[in-house]
Amino acid sequence: MQPLEAQLKQFVIDNFLFGNQNGFKNDHSFLERGIIDSTGMLELICHLEKTYQIKVQDSELVPDNLDSVNRLAAFVLRKQAAETMGASASAS
Amino acid sequence: MCGITGCINTDGRPADAALLESMVGLIRHRGPEEAGIYTNKEAGLGHARLSIIDIACGQQPMSTQDGRLWITFNGEIFNYLELREDLVAKGHRFETRSDTEVLLHMYEEEGSACVKKLNGQWAFGIWDTKEHKLFLSRDRLGVRPIVYTQTANSFLFASEVKALFADPSVARRVNFKALDQLFTFWFPLPPQTFFEGVFELPPGHSLTFQNGKTDIECHWQMDYTPDPIGLRSEQDYAEELWSILVDAVRLRLRSDVPVATYLSGGLDSSVTTAIVKHFTDRRLRSFSVTFDDPEYDESSFQNEVVRYLGTEHQEVRCSYADIGRVFPDVIWHTEKPILRTAPAPLFLLSELVRNAGFKVVVTGEGSDEMLGGYDIFKEAKIRAFWAAMPASRFRPHLLRRLYPYLSNVQNQSDAYLRAFFRVHPGDLDSPFFSHLPRFELTAKLKTFFSDDTRDAIKGSDPVSEFAKRLPVDYPKWDRFLQAQFLEAMYLLPGYILSSQGDRVAMGHSVEVRLPFLDFRMVQFASKLPPSLKMKVLNEKYLLKKAAGNYIPASVRNRHKQPYRAPEGKSFFSGNFDYVADLLSPEGLGKGGVFNSAAVSMLVQKFLAGRAIGVKDNMALTGILSTQLAIDQFIHNFNAKTSKEPHATTRSAVKTVCDR
């Protein structure tokens with residue numbers, strides 16, 4: 001299993017850059033580099049929800065959470081932790 | 001409406017009648033009813049005729065009585081009866097009732113300046129046997145096409161590129177600079193075409209070719225001199241608009257064959273159809289495109305207009321597979337890559353019209369450009385308003401007013417909506433402020449270019465190239481007028497009137513007539529204050545006011561929905577061999593323009609159902625249409641043309657040989 005950052009980076013490269021990495025780095029802003037447009041946002045959210053079993057709330061749709069590979073990875077980890085805690089809290 | 005061709009030899013050879021016949025043969029779809037050739041000891045003209053005015057006597061090429069001037073003409077001069085009266089008063093004698101003969105006498109009387117008096121849509125060539133001079137002219141807005149090229153020993157022109165390629169000495173190569181422009185703006189900057197060495201005469205220009213030298217002059221250029229606000233009342237402007245439009249429609253009903261209308265369900269074609277209905281006593285037939293996919297279908301609005309106006313209506317219903325099926329034929333007619341599939345349903349519509357027995361249709365095209373209808377104008381207005389006070393919390397809320405028909409935009413959070421539409425530093429100073437988002441989005445498609453293509457366009461800068469062509473007064477114009485200029489003078493001829501207009505209509509021998517592009521309407525619109533075109537965010541405000549109850553209120557008040565057609569699904573829902581072949585690594589390698597690995601990833605994304613956005617769909621359409629253009633015009637041109645139904649019908653060609 002690849003580390004989370006590598007998985008997310010690969011998704012962006014395959015899905016939005018069609019293999020043309022062109023020096024793309026984990027801290028590059030998707031917006032600044034024009035990598036993700038309005039449709040890309042929807043694709044990204046669908047991918048996160050499906051692949052990492054998280055639910056992205058409307059209030060979380062902000063660049064601070066989603067605008068680079070590093071931010072995405074941190075967001076996914078936070079969400080997974082929160083949802084696991086929520087699940088164990090409700091199980092107990 | 002017709003097809004025209006010509007060839008001037010520069011090496012002393014007599015004109016080659018066989019070549020002219022082949023040239024005409026390749027554009028017989030533009031005029032299947034008659035064909036004619038004129039040749040003399042150095043020059044020849046060819047003509048394929050769609051008979052609309054003076055059916056019995058309007059054959060071409062046509063000459064003056066003394067045989068000095070010969071003309072081949074495509075189009076219509078709508079004010080020909082008025083011009084003819086003036087000419088008769090000056091002593092000219094006429095043998096036919098045709099507008100072609102009027103044009104010939106106009107040139108005889110006034111030379112190249114005669115085009116300034118024409119109200120029409122034209123592309124013609126006149127050969128002066130005494131001066132050994134060719135004169136070509138194209139209408140102001142580029143409704144009718146002319147392309148030309150020069151070989152070592154001849155100058156050739158035609159309505160379409162394929163006719164030039166009938167001469168085997170004309171090289172058939174991709175123009176990479178034009179490709180780069182097309183994948184930025186949606187069109188190559190004229191006179192460039194998709195093919196290296198083949199040029200189009202820009203709209204509003206004339207060309208003379210004499211003694212081996214080509215001279216191009218501009219006979220008309222759009223200029224905006226809006227009246228000061230308050231000079232006239234809104235009512236006054238609305239009444240003038242309506243009276244010009246009514247007369248523009250009236251002139252366009254001048255025809256010796258019946259005229260029908262296109263009806264999209266939007267404001268413009270409803271207005272033109274309503275005028276035809278209310279101001280003529282003709283039995284009115286209307287035609288429209290509908291879609292299986294409800295996202296694109298406007299049949300409810302169309303039906304409402306049909307009921308309201310009582311037209312006799314027919315529609316062609318378009319499935320995904322229909323679009324995929326006709327797409328290769330569409331590219332054969334557009335003769336350049338396209339980034340949207342929207343021309344394909346219009347190609348099917350012209351087939352329906354032709355099969356119903358009509359060859360002339362009035363359409364609403366040109367209204368958005370002249371009277372301020374496009375969303376790109378609204379987007380620019382909102383973005384500029386927000387940029388004037390970037391900290392405002394209220395202003396970006398207006399972004400929600402944009403693109404109500406695009407769920408991908410409407411579903412964004414406020415934060416992302418602001419991020420996508422934000423104004424970057426320096427954008428407001430750009431002459432292309434309104435169009436930068438479109439240019440930037442389109443240019444992203446170049447990610448699919450191969451290394452060879454990247455090398456071929458290295459150092460080219462389409463946006464700077466474009467900026468050099470803007471008129472001197474452009475910086476003085478209101479930003480709204482600048483945006484209008486870019487749409488009216490570039491996208492309109494480069495895509496709307498060509499790929500989505502003339503080419504797909506003429507593909508089935510149907511002529512489109514466009515009242516909103518009547519020269520008097522263009523002049524009127526150039527003086528109209530921008531605030532009456534788009535009042536705050538209400539597009540085509542004055543037209544709606546002028547139209548009043550001639551159209552249903554629901555159509556007058558609906559939000560504009562641009563005409564669009566399904567893309568990706570059209571190509572992957574029918575097992576089309578050409579799609580598989582041209583998108584395969586071998587097909588892409590042969591084409592040479594695109595990176596095979598990148599395109600494969602795009603195709604996989606489509607097959608997985610994940611390609612839902614504008615960019616991916618434009619990319620697929622652009623790649624496939626480029627591949628088709630290369631395949632049909634460069635690699636397999638001879639195989640393709642040998643199958644063309646009209647290419648070999650030479651027996652029907654009337655030849656005049658003047659030695």
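A, B, ... follow the sequence lines: proteins, then strands. Residue 1 opens every chain.
A/D67 touches chain B through backbone and side chain together, each having a heavy atom under 4.5 Å away. Contacts of B/D414 with chain A are absent, with no heavy-atom separation under 4.5 Å from either backbone or side chain. Contacts between B/V614 and chain A at a heavy-atom distance below 4.5 Å involve the backbone alone (N, CA, C, O).
Here the closest heavy-atom approach between residue B/K605 and residue A/N15 is recorded as NZ-O, 2.9 Å. Listed here is the closest heavy atom pair of A/E32 and B/R422: OE2-NH2, 3.3 Å.
Taking 4.5 Å as the heavy-atom cut-off, the residues of residues 54-61 of chain A that approach chain B are A/D58, A/L61, ordered by number.
For chain A, the option among B/R418, B/H424, B/M601 with the highest count of heavy-atom pairs below 4.5 Å is B/M601. Contact count against chain B (heavy-atom pairs under 4.5 Å) is highest for A/V62 among A/V62, A/L17, A/I45. Taking B/T447, B/N411, B/V409, B/L417 one by one and counting their heavy-atom pairs under 4.5 Å with chain A, the maximum is reached by B/T447.
Summarising the local packing, CZ of A/R78 is surrounded by more than 12 heavy atoms from other residues, nucleotides or ligands at distances under 6.0 Å. Enclosure of atom NZ in B/K569 is not indicated, since only 12 or fewer non-hydrogen atoms of other residues, nucleotides or ligands lie within 6.0 angstrom.
From B/K444, atom NZ reaches atom CZ of A/F16 across 12.5 Å, with rounding to the nearest 0.5 Å. Rounded to the nearest 0.5 angstrom, B/Y416 OH and A/L42 CG are separated by 11.5 Å. Note that the NZ atom of B/K446 and the CG atom of A/N20 stand 14.0 Å from one another [nearest 0.5 Å]. From A/L31, atom CG reaches atom CZ of B/F420 across 6.0 Å, with rounding to the nearest 0.5 Å.
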